[in-house]
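Keep in mind the model is a prediction, meaning the values are calculated, not measured. Letters A, B, ... are given to chains in the order of the sequence lines, protein chains preceding strands, and every chain is numbered from 1.
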There are 4 protein chains.
Amino acid sequence: MSSYARLRSTALELFASRGFQATGIRELAAASGISLATLYHYMDGKEDLLVRLMRESLGRLIDDARTVLAKVNSPVEGLAALTIMHVLAHGLRRTQTVVVDTELRSLGKENRDIIVALRDEYEELWRLQLAGGSASGTMTVPDARVTRLALLEMCTGVAYWYSDTGELGLDQVATIHADLVLAQVEARQEQGRIRLTDLDLPPITWFRELVLCEE
Amino acid sequence: MSSYARLRSTALELFASRGFQATGIRELAAASGISLATLYHYMDGKEDLLVRLMRESLGRLIDDARTVLAKVNSPVEGLAALTIMHVLAHGLRRTQTVVVDTELRSLGKENRDIIVALRDEYEELWRLQLAGGSASGTMTVPDARVTRLALLEMCTGVAYWYSDTGELGLDQVATIHADLVLAQVEARQEQGRIRLTDLDLPPITWFRELVLCEE
Amino acid sequence: MSSYARLRSTALELFASRGFQATGIRELAAASGISLATLYHYMDGKEDLLVRLMRESLGRLIDDARTVLAKVNSPVEGLAALTIMHVLAHGLRRTQTVVVDTELRSLGKENRDIIVALRDEYEELWRLQLAGGSASGTMTVPDARVTRLALLEMCTGVAYWYSDTGELGLDQVATIHADLVLAQVEARQEQGRIRLTDLDLPPITWFRELVLCEE
Amino acid sequence: MSSYARLRSTALELFASRGFQATGIRELAAASGISLATLYHYMDGKEDLLVRLMRESLGRLIDDARTVLAKVNSPVEGLAALTIMHVLAHGLRRTQTVVVDTELRSLGKENRDIIVALRDEYEELWRLQLAGGSASGTMTVPDARVTRLALLEMCTGVAYWYSDTGELGLDQVATIHADLVLAQVEARQEQGRIRLTDLDLPPITWFRELVLCEE
DNA sequence: GATGAATGAGACTTCATTCAT
DNA sequence: CATGAATGAAGTCTCATTCAT
C-alpha cells in the first residue's frame, strides 16, 4: 500500500470521525506513517486534500449511479436501484460519504462551488426518476423537491447509524430502504402497489460488487 | 437582552454554521459583544458551553414531544404529531437542532454519554408509536429499528436544507413529511390508507406556537 | 478565627508550599473561605499581602532575637541562644520563615529594599555575637562574613527538611544545631572547648514558649 | 552556539533569578533569541524543560562527586573533598544548582519523584563519609542525619549569597567551608584535630577544572 | 522523495484587578 | 462588609505552513 493510499484512507478516517477542523496535520502525518514535511509532497494544503477526497468520492457516486441506471427500464426501477446503490455506498464507503456530507462548510467558496455542483449533478439523477415516475403516473409525489430531499436524507443517514456488528446486514438495510422509498412514493403499476420484489433488478450482490470495486 | 442570552444565541449560530471546532472563542466573544475574559463568567470552557446548549435543546425537544403526545389517541396520530413537531422544531430552532445533530463528536466521552442518553430518551418516544402501530395492525413496519432511524434522519434533514426564502412554507414541509411518514408505514384504518387529513390533530398553528414558545 | 486570620495563615501555607507566583488569588480566596472580591477588603494587592506577611515575620524574628539576647552574658551564649531561637522559629513557624526566605525575588524593588533592610537588621545581631566572640578570643572565626552566612544558611535550612513526624523532636534538632555552631566557631573558655551544656541558658521550654507565643 | 544551548542557559538564568513560575515562555523565547513556536521544537512543555535541566544538573553533581571520591583515602578527606566540590559547583554553576534547589515544588508528582531520587543518590555519598568517619572514630557526629542535612544546607547556601565581585574569591570560600565542616564534625587523627591543610587532597585548581569542565 | 528546523498567527484559558451594587 | 460582573493582559501551547538541505 503506497504512502498516498495510506494518507488517503487515514485522512478519510480522521476527517469522518473527528471532523476536518479537529484533525491536525500532525495527527494526519503520524497516523499515515509519514513525516510532517513529506505530507506536503502529497498535498498542496489541508483544504486541497479535503476537496480532492470529496471530488473523488462524489465522482465515484455519480459513476455508480450512471452504471446502475443503465440497467433499469423505468423510473420506479431507477429509484429503487439508486436507493440500493446509495445505501450500500454509504454503508461500505462510510468515511468518504460522511466527509462529503459533513465538511462542505469547511471549504472556501471556490471549492464549495465545485463540490456543490457535483452534488447537484448526482441529485439530478434522482430528480429525473421522481419526475419520470410522476409523469407516467407510477408514483405519487406530493412535492417533487421536498420528496427528493427527504428520501436522500433518509438514505444518507445510513452512514451515521449503520454498524457492521448489528443484527441486520447492510444488504437487508438497503432492501428495507428501497421498500420504504417505494412506499413513500406509493409506487404502482396497473396491478397496484409495487414492492421491491416485484421489480426486475440485478441481484444485490451485483450492487455490492459495483460499490466495493476498487477502481 | 442579557449577556448570557446573547452569548447563547451567538454560540448556536456560529456552532451551527462554522462548526464547533472551527469557531474560535475570540469570534464567540466578539460576536456576542462581550470581552474574551467575560466569556468565562458564563461558561467553564468551550466544551461545557457546547454541552449545555445541547442539553437545553434536547431537553426542550423531549418536553415538546411529551406535550404533543398528550394530545393524541393512537400510535398513528402520535407518529404524525411527532413528525410535525420534529420538522417544525428543526426548521424554527434550526441552530439548536443542527448543533445537537452535528457536534456529538466534539464532546469528550463523559459529556457524549449524557447527550446520547437524552437522545435515546427522545427516540424512545418515536419507538413507542411504531411499536404500538405495528401491534395494533395500523402500520406496516418492515424492521422497527431501521424504520425509526430512517424516519428520523429524513425529518431531521429538514434543518439542513429548509430555507425561509423558498417557495414552500415550513408548515407545508411539515405536512408533507407527515404524509411521507404515514405512507412509509402504510398507515391504515378499517377503511383503508390514512392520510394526514384523516387524523384528528390540533391545527398546525398550535404546533407552531408550541415549538416557538420561548419558555 | 477571623476572616483575616484565616486569610493570613492560608496565604502563608500556599505561598510556602506552591510559591507566591504559583498561588492564584482565586485559590487564596477559596482556601480562605471568602469571596474573591472580599479578599480585596483585606489587602491592597497580592504583593502587598506578601510584603505585609514578610514584614510581620521578620519583625517577629527580630523581636525574639532581642528578647533572647537580653538573657545572655557573653557572645558565646548569645550565639547559642540565637541558634536555638532561630531553629525553633524555623521549625514552628515554618510557613512564615520559608516565605521570607524564598520570596524576596517576587517583590518589586521598593518592597524588596524594605525586607532586605529588616533582614540585615536581624543578621546584624548575629554579626555582633561573632565579632564579640572573635574579639574576646572565645571563638575562632576564619572569615566573619562567610562564617555568619554559613551558619545562618545551616540553621535556616531546618525549615526545609524538618518534619514533626520524624524520630527527632525539634528541641533536639535545635540543641544539635547549637552544638554544631559552637563546634564550628570552636567556642572555648579558659578551661577549653565549650559545649552547649556548659552554658547557662534558659531551658529550651522557655525558648519554645517565646517562639510559639501568639502575641 | 546552537539554539538549544542558548535556550538551556537562558532558561537556567531566568528560572534561577525570577523563578520558574514567574518566567513566561515568551520571555524565554525572546531571551533565547528564538521564536515562541520554535521553543516547542526543543521542549515538550515548560515543566519538561525544567525537569530536563534539573536532571542534567544533578547528574553532573553526582558524577563530579564520584570523581572526587575516587581521589581520597579516608572519610575525612572524602568529606572535605565533597565540600570543596559542592561549594565550587554551587558558585560556578550557580544557576543550575539554584534551580534544582528551588524548583522541586514546581514539578508534578512524577517528575518530582525522579528528581528526589537523584538528590537522594547524591546525598547518599555524603552520608557514607559521615558514617565512615563516625565508625572509625575520626569524626564526632551528634546525629548523623541532622548533621548531614545541616552541612548540606550550609554549603548549598553559597549559591545564594556568593558573588564574584566580593572581596573573597570562591576558592577561599570553598576552603573556609571545608574547614567549617571539619570543625563541625571535630575531625581528628591520633595527633589531634585536623584542618584542611593537614589533608592530602588535590589542589583546588584541580577541583575548579573538574567543576568547570564542559563535558 | 524525503526531512528536521523554524515560524507567525492564533488556539483556549487564567491572571490580578476594578467597580457598581 | 460583601459580592457578581466585567476586563485587559498575559498565560501555555498548537496550528498549518515553508524552506534549506
Side-chain angles (χ1 to χ4, degrees), chain A residues 2-4 7 20-30 32-50 106, chain B residues 2-4 7 20-30 32-50 106, chain C residues 2-4 7 20-30 32-50 106, chain D residues 2-4 7 20-30 32-50 106:
Chain A
S2 75
S3 280
Y4 176 65
L7 166 59
F20 174 73
Q21 294 274 0
T23 301
I25 208 170
R26 269 169 237 270
E27 270 177 290
L28 204 49
S32 305
I34 59 182
S35 92
L36 178 53
T38 301
L39 202 56
Y40 279 85
H41 276 277
Y42 295 113
M43 65 180 203
D44 290 340
K46 204 182 162 194
E47 184 175 336
D48 281 320
L49 175 60
L50 175 60
S106 299
Chain B
S2 75
S3 283
Y4 177 64
L7 166 58
F20 174 74
Q21 296 276 358
T23 302
I25 60 170
R26 268 175 240 269
E27 277 175 285
L28 204 47
S32 304
I34 60 179
S35 90
L36 188 47
T38 301
L39 205 55
Y40 282 84
H41 263 277
Y42 297 108
M43 64 181 204
D44 289 339
K46 204 184 164 194
E47 183 175 337
D48 280 320
L49 176 59
L50 174 60
S106 298
Chain C
S2 75
S3 282
Y4 177 66
L7 166 58
F20 174 74
Q21 295 274 0
T23 301
I25 208 170
R26 268 169 238 270
E27 268 177 292
L28 204 49
S32 304
I34 60 182
S35 92
L36 179 53
T38 302
L39 202 55
Y40 280 83
H41 275 275
Y42 296 112
M43 64 179 205
D44 291 340
K46 204 182 162 194
E47 184 176 336
D48 281 320
L49 175 59
L50 175 60
S106 299
Chain D
S2 75
S3 283
Y4 177 64
L7 166 59
F20 174 75
Q21 296 275 359
T23 302
I25 61 169
R26 268 175 240 267
E27 278 174 285
L28 204 49
S32 304
I34 59 180
S35 88
L36 187 47
T38 302
L39 206 56
Y40 282 84
H41 264 278
Y42 296 109
M43 65 180 204
D44 289 340
K46 205 183 162 195
E47 183 175 336
D48 280 319
L49 175 59
L50 175 60
S106 299

By side-chain contact (heavy atoms from CB on, under 4.5 Å) - contacts of [X] (at least two apart):
X	value
Ser32(D)	Leu7(D), Thr10(D), Ile34(D)
Ala22(C)	Arg18(C), Gln21(D)
Lys46(B)	Phe20(B), Ile25(B)

Are there any protein N/O atoms within less than 3.5 Å of an N/O atom in nucleotides 14-16 of chain E, and if so, which ones and at what distance?
| unit_1 | atom_1 | unit_2 | atom_2 | d |
| --- | --- | --- | --- | --- |
| dA16(E) | OP1 | Thr23(C) | O | 3.4 |
| dA16(E) | OP1 | Lys46(C) | NZ | 2.9 |
| dA16(E) | OP2 | Ile25(C) | N | 2.9 |
| dA16(E) | N6 | Arg26(C) | NH2 | 2.6 |

Tell me whether the OP1 or OP2 atom of dA2(E) has a side-chain N or O from Ser35(A) closer than 4.0 Å.
no
Distance below 4.0 Å between Thr38(B) side-chain N/O and dT7(F) OP1 or OP2:
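Yes.
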Considering heavy-atom distances to DNA chain E, does Met43(C) or His41(A) have its closest nucleotide positioned more toward the 5' end?
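Closest to the 5' end, via its nearest nucleotide, is His41(A).
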For atom [atom1] of [X] and atom [atom2] of [N], their distance in whole Å:
X	N	atom1	atom2	result
Tyr4(D)	dA5(E)	OH	P	13 Å
Leu39(C)	dC1(F)	CG	P	15 Å
Leu28(A)	dC15(F)	CG	P	12 Å

For residues Tyr42(A) and Ser3(A), report the shortest heavy-atom separation together with the two atoms involved.
OH-CB, 3.3 Å
Mind checking side-chain hydrogen bond (donor to acceptor under 3.5 Å, both in side chains) for Ser106(C) and listing every partner two or more places apart, or none if nothing turns up?
Glu103(C)
Trace of the side-chain contact (heavy atoms from CB on, under 4.5 Å) decision for Leu49(A) with Leu28(A):
CA-CA 11 Å; Leu49(A) 175 60; Leu28(A) 204 49; 3.7 Å; yes
Can you give the dot-bracket line for DNA chain F, using ( ) for pairs inside the strand, [ ] for pairs that cross earlier ones, | for pairs with another strand and . for unpaired bases, where Watson-Crick and G-U count if both distances are under 3.5 Å?
.||||||||||||||||||||
Which distance, rounded to the nearest 0.5 Å, do you find between the CE of Met43(B) and the CG of Asp48(B)?
8.5 Å
May I ask you to say what Tyr42(C) touches in the nucleic acid, namely base, sugar-phosphate or nothing, with a heavy-atom cut-off under 4.0 Å?
sugar-phosphate
